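Worksheet for the structure shown next.
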Amino acid sequence: MDGAAIKDDKPIRLVATTSRGSKVIANVTRNLEQMTEHGWKGCGILVATPAKLSARQCQNINNRITMLGFVPAHPHVYTRDAIAQRLYGNSRVRIALLGLTGEPPCISKLPYHSRPLDDIPLIGREQDLEWLQATEGNRLITGQPGIGKTFLLRKYCESQGVYFVHNASSGQIADSVRDNKPQCLIIEDSHNRIELLYLLLQLQAESGIPFSIVADAWPNRAEEMMAHLGITRTKWLQLKKLNGKQIVEVLTNSGISGPRRLLHQLVHQSDGCPGRSAMLADLCLRENVTEVWDGSALASWTRKTFYSAVGEQAFRMLGVISLSGSTGLDINNLTLVQNSDP
């Protein structure tokens, strides 16, 4: 046992391992067998490892915990990325464990907001990644929310000299650019961060460091963002939806292999958007299958994503239109919805 805690008045045992790959589950198994010998069977188990594991490997570990008579204390194994995200976002833990103080970096290999199941392989976007790696100069990526812009850029960020830019003062960002001399800087949701984009363009012109800028945005802002970046359509990548088979592959790599009816429902709700399918798979793995099945999880995501952009009245109208299905909605009925009280 490497540590212990109490959650909801129930004991949790920590299993920490520095093993790699398939050896992680073997190490966990040995630890649990030893715990059984000491009479600790049935308690909660939290596994932490600096290894980078796939969602399927993490699910296999939790399945092994259950099979040996214990209870997974958390839906996910704390892998390298999970630990890095917690250190990045928690100053108290960062100071206590590493003695690191101060502001988080202005440029980072990690996006500003973590996404669920971001360790699965890139599926259906191989040509898009090749385009990013082969195209020079400033570039624009567009696609609707949930289509996988950030996930693709995270994979691109594995290239040397490529970083995400986070909000900070102009002086901090300028210092980070001069210190790190990046080859490319990525700005997420650039249509909502125009001032930051202008700062990067100014640094690009004045710093003497030949870095390029990759901005992502929603499709309806594409023309505006190309004008800001000073680029033509040859530097614009429009992400397309994945097909059903590719979405199933995303779900399978996320740890969802069935039942068949659940896979069908997840593919339907994902509507070709791998980011949305990863979000729904993550909720299923956290035992919120009912909320996913009845659509309430997707409704919550939709409200959080679009409400600030369209407002209450438009949001209600879009909701009614979506319920009308492929048959459509009579304009008179839509007018009644627009003028009705909430």
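None of these values were measured; they are calculated from a predicted model.
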Between Arg193 and Glu188, is there a donor-acceptor pair closer than 3.5 Å when you use the side chain of the first and the backbone of the second?
yes
With a 3.5 Å distance limit and no angle check, can you tell me whether Gln246 reaches the backbone of Asn243 through a side-chain donor-acceptor pair?
yes
What closest approach, in Å, do Pro50 and Thr18 show between heavy atoms, and which atom pair accounts for it?
CD-CA, 4.0 Å
Heavy atoms only: give me the nearest Leu263-Ser257 pair and the separation to one decimal.
CD1-O, 3.7 Å
Backbone N/O of Gly143 and side chain of Lys149: donor-acceptor pair under 3.5 Å:
yes
Can you list the steps and then say if Gln265 with Leu280 is a side-chain contact (heavy atoms from CB on, under 4.5 Å)?
CA-CA 10 Å; Gln265 180 76 334; Leu280 294 170; over 6 Å; no
Hydrophobic cluster membership, Met226 vs Leu239, 4.5 Å side-chain cutoff
no
Side-chain heavy-atom pair His228, Tyr198 within 4.5 angstrom cut-off
yes
Do Leu200 and Ile173 touch side chain to side chain, with heavy atoms closer than 4.5 Å?
yes
So, for Arg139 and Cys184, which heavy atoms are closest and what is the spacing to 0.1 Å?
NH2-SG, 3.7 Å
Rounded to the nearest 0.5 Å, what separates atom CD1 in Ile186 from atom CG in Leu132?
7.5 Å
Kindly compute the distance separating CD1 (Ile187) from CG (Leu196), expressed to the nearest 0.5 Å.
3.5 Å
Taking Arg154's backbone N and O only, do any of them form a donor-acceptor pair with Lys109's side chain (distance below 3.5 Å, no angle check)?
no
Check: Asn27 side chain, Thr17 main-chain N or O, donor-acceptor pair, under 3.5 Å
no
Other residues, nucleotides and ligands only: do more than 12 of their heavy atoms fall within 6.0 Å of NZ on Lys23?
no
Does Val165 share a hydrophobic cluster with Val214, counting links as ILVMFWY side-chain heavy atoms below 4.5 Å and allowing steps through other members?
no
Please tell me if the side chains of Phe70 and Met35 come closer than 4.5 Å, counting only heavy atoms from C-beta onward.
yes
Side chains of Val24 and Gln57 in contact at under 4.5 Å (non-hydrogen atoms):
no
Which word best sums up how the rings of His74 and Tyr78 line up, parallel for under 30°, tilted for 30 to 60°, or perpendicular for over 60°?
perpendicular
Given 3.5 Å as the limit, does a donor-acceptor pair link the side chain of Asp216 with the main chain of Asp189, or not?
yes
Heavy-atom check, side chain of Cys58 versus side chain of Ile61, under 4.5 Å:
no
Tell me, do Arg276 and Gln144 make a side-chain contact under 4.5 Å, heavy atoms counted?
yes
What one should report as the nearest heavy-atom pair of Pro72 and Ile65 is N-CG2, 3.7 Å
Would a 4.5 Å heavy-atom cut-off, applied to side chains only, mark Leu229 and Leu197 as touching?
yes
With no hydrogens and no angle check, is any side-chain donor or acceptor of Glu224 less than 3.5 Å from a backbone partner on Arg221?
no
Shared hydrophobic cluster for Val267 and Leu298 (ILVMFWY, side-chain gaps under 4.5 Å):
yes
To the nearest 0.5 angstrom, please state how far the CG atom of Leu32 sits from the CZ atom of Arg13.
12.0 Å
Nearest 0.5 Å, please: how far is CD1 in Ile147 from CD1 in Ile141?
11.5 Å
Do Leu14 and Val71 land in one hydrophobic cluster if side-chain heavy atoms of ILVMFWY residues count as linked below 4.5 Å?
no
For Leu251, is there any backbone N or O sitting under 3.5 Å from a side-chain donor or acceptor partner on Ser277?
no
With a 3.5 Å cut-off and no angle check, do the side chains of Asn253 and Glu249 form a donor-acceptor pair?
no
Taking a hydrophobic cluster as the set of Ile, Leu, Val, Met, Phe, Trp and Tyr residues connected by side-chain heavy atoms closer than 4.5 Å, whether directly or through intermediates, do Tyr156 and Leu140 fall within one such cluster?
no
Within a strict 4.5 Å, meaning less than it, do heavy atoms of the Leu201 and Gln204 side chains meet?
yes
Taken to the nearest 0.5 Å, the spacing of Ser212 OG from Leu185 CG works out to 7.5 Å
Have a look at Arg64 and tell me which of Val47, Ile25, Ile45 forms a side chain to side chain contact (heavy atoms under 4.5 Å, CB included) with it.
Ile25
Closest approach of Phe211 and Val177, non-hydrogen atoms and distance?
CE2-CG1, 3.9 Å
May I ask you to decide if the ring planes of Trp218 and His191 are parallel, tilted or perpendicular, using 30° and 60° as cut-offs?
tilted
From CG (Asp175) to OG (Ser170), nearest 0.5 Å
9.5 Å
Might you point out which heavy atoms bring Cys157 and Ser108 nearest each other, and give the distance in Å?
SG-O, 4.2 Å
For the pair Leu68 and Thr36, evaluate side-chain contact (heavy atoms from CB on, under 4.5 Å) and give the outcome as yes or no after the intermediate values.
CA-CA 9 Å; Leu68 294 177; Thr36 300; 5.7 Å; no
